[in-house]
Amino acid sequence: TGPMALPRCGFAVIVSRAESKGVFDDLGPFFPWFRSIYQGTQQDYDATTKRGDAPDQWPFTFEHAPKAKPVVVHTLKIPQPTAVAAGFPTGDDATFATKAMIATLDGRLVVVEVGQLASSAAKPGPITPLGLVAIGRNPTGLCYGARQVQPNNQVVVVSRGDRRISWVRIAGTTPTVTRTLE
């Protein structure tokens, strides 16, 4: 077997309903550090076998491993977000990896451009809302549907407030509900 395949870039979106905001983190610093631990020296790897809650036990705190700490690159004001999905696993083209979807309590799905956070040349590029669509009140979950026919630029949204499941297709920057189940 060859070396373990590990990602080289990525991003995370953390939302807070109480604070009405979404925070975009560049995970870029984490991946080289993680590779160095698992694919570096035997001593580095051995450190991961000492598991526990102490800062110097695996998994390490960011205070113990500051090179692994993700970087907050943007905060977006968004009213009462309830669910989030970051990027698409596949799609019509690579641009879908640069999108995030944030659902709000009042029943909107907002498509957000995350700039270059999804590439290995991550820069704090423009992180801006692109389009939105009504999906049903109090959405509690976003997921990429299993066994979808390509293109896979579709997300399934569960809206608890309206007892609705919505299939939303993203074409460019425009989200459209293609079907619902109530």
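Here the structure is a predicted model, which is why all the values come from computation and not from measurement.
Counting only distance, with no hydrogens or angles, the side chain of Thr178 and the backbone of Arg169 share no donor-acceptor pair below 3.5 Å. A donor-acceptor distance shorter than 3.5 angstrom exists from the side chain of Thr82 to the backbone of Pro139, with no hydrogens or angles considered. In this structure, the side chain of Ser159 does not engage the main chain of Asp162 through any donor-acceptor pair within 3.5 Å. Within the 3.5 Å criterion, the main-chain N or O of Gly28 finds a donor-acceptor partner in the side chain of Asp26. Looking at Ser20, its side chain does come within 3.5 Å of a backbone N or O of Gln80 through a donor-acceptor pair.
Taking NZ of Lys67 as the reference point, atom CD1 of Ile37 lies at 10.0 Å (rounded to 0.5 Å). Here the straight-line distance linking atom CG of Leu27 with atom NZ of Lys69 works out to 13.5 Å at 0.5 Å rounding. The distance from the CD atom of Glu182 to the OG1 atom of Thr180 is 5.0 Å, given to the nearest 0.5 Å. Thr75 contributes atom OG1, which lies 9.5 Å from atom CD1 of Ile14 (distance to the nearest 0.5 angstrom). Between the CH2 atom of Trp167 and the CZ atom of Arg179 there is a distance of 5.0 Å, given to the nearest 0.5 Å.
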For this session: Mind running side chain to side chain contact (heavy atoms under 4.5 Å, CB included) on Leu76 and Val112 for me, showing each step along the way?
Result: CA-CA 10 Å; Leu76 181 66; Val112 180; 4.1 Å; yes
Exercise. Under the side chain to side chain contact (heavy atoms under 4.5 Å, CB included) criterion, do Val133 and Val168 qualify, and how do the steps go?
Worked result: CA-CA 9 Å; Val133 67; Val168 178; 4.1 Å; yes
Exercise. Do Leu109 and Leu142 pass the side chain to side chain contact (heavy atoms under 4.5 Å, CB included) test, and can you show the C-alpha distance, the side-chain angles, and the key distance before you say yes or no?
Worked result: CA-CA 10 Å; Leu109 180 68; Leu142 305 174; 3.9 Å; yes
For this session: Report the C-alpha distance between Leu181 and Arg164 in whole Å, list the side-chain angles of each, state the deciding distance to 0.1 Å, and finish with yes or no for side chain to side chain contact (heavy atoms under 4.5 Å, CB included).
Result: CA-CA 6 Å; Leu181 175 64; Arg164 177 185 301 160; over 6 Å; no
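Judged purely by distance below 3.5 Å, without hydrogens or angles, the side chains of Asp53 and Gln57 never pair a donor atom with an acceptor atom. In this structure, a donor-acceptor pair under 3.5 Å is absent between the side chains of Thr49 and Asp46.
Between Thr104 and Ile78, some side-chain heavy-atom pair lies under the 4.5 Å cut-off. Side-chain contact between Val13 and Val23 is absent, with no heavy-atom pair separated by less than 4.5 Å. Counting only heavy atoms from C-beta outward, the side chains of Pro70 and Phe62 approach each other to under 4.5 Å. Counting heavy atoms from C-beta outward, Leu132 and Val111 have side chains that stay 4.5 Å or more apart.
Relative ring orientation between Tyr38 and Phe34 is described as tilted, the plane-to-plane angle lying within the 30° to 60° band.
Residue His64 comes nearest to Pro55 through the heavy atom pair CB-O, 3.2 Å, listed as atom of the first residue, atom of the second, then distance. Residues Ile102 and Phe24 approach most closely at CD1-CZ, 4.2 Å, considering heavy atoms. Across all their heavy atoms, Pro81 and Lys21 have their closest contact at CG-O, 3.7 Å.
A salt bridge links Glu113 with Lys99: the closest approach of a Lys/Arg side-chain nitrogen to an acidic carboxylate oxygen falls below 4.0 angstrom.
Residue Val177 is grouped with residue Met101 when hydrophobic side chains (ILVMFWY) are merged at heavy-atom distances under 4.5 angstrom, including chains of intermediate members. Residues Val72 and Phe11 do not share a hydrophobic cluster, defined by chaining ILVMFWY side chains whose heavy atoms lie under 4.5 Å apart.
Taking the six-membered ring where the residue is Trp, the centroids of Phe60 and Trp58 are separated by under 6.0 Å.
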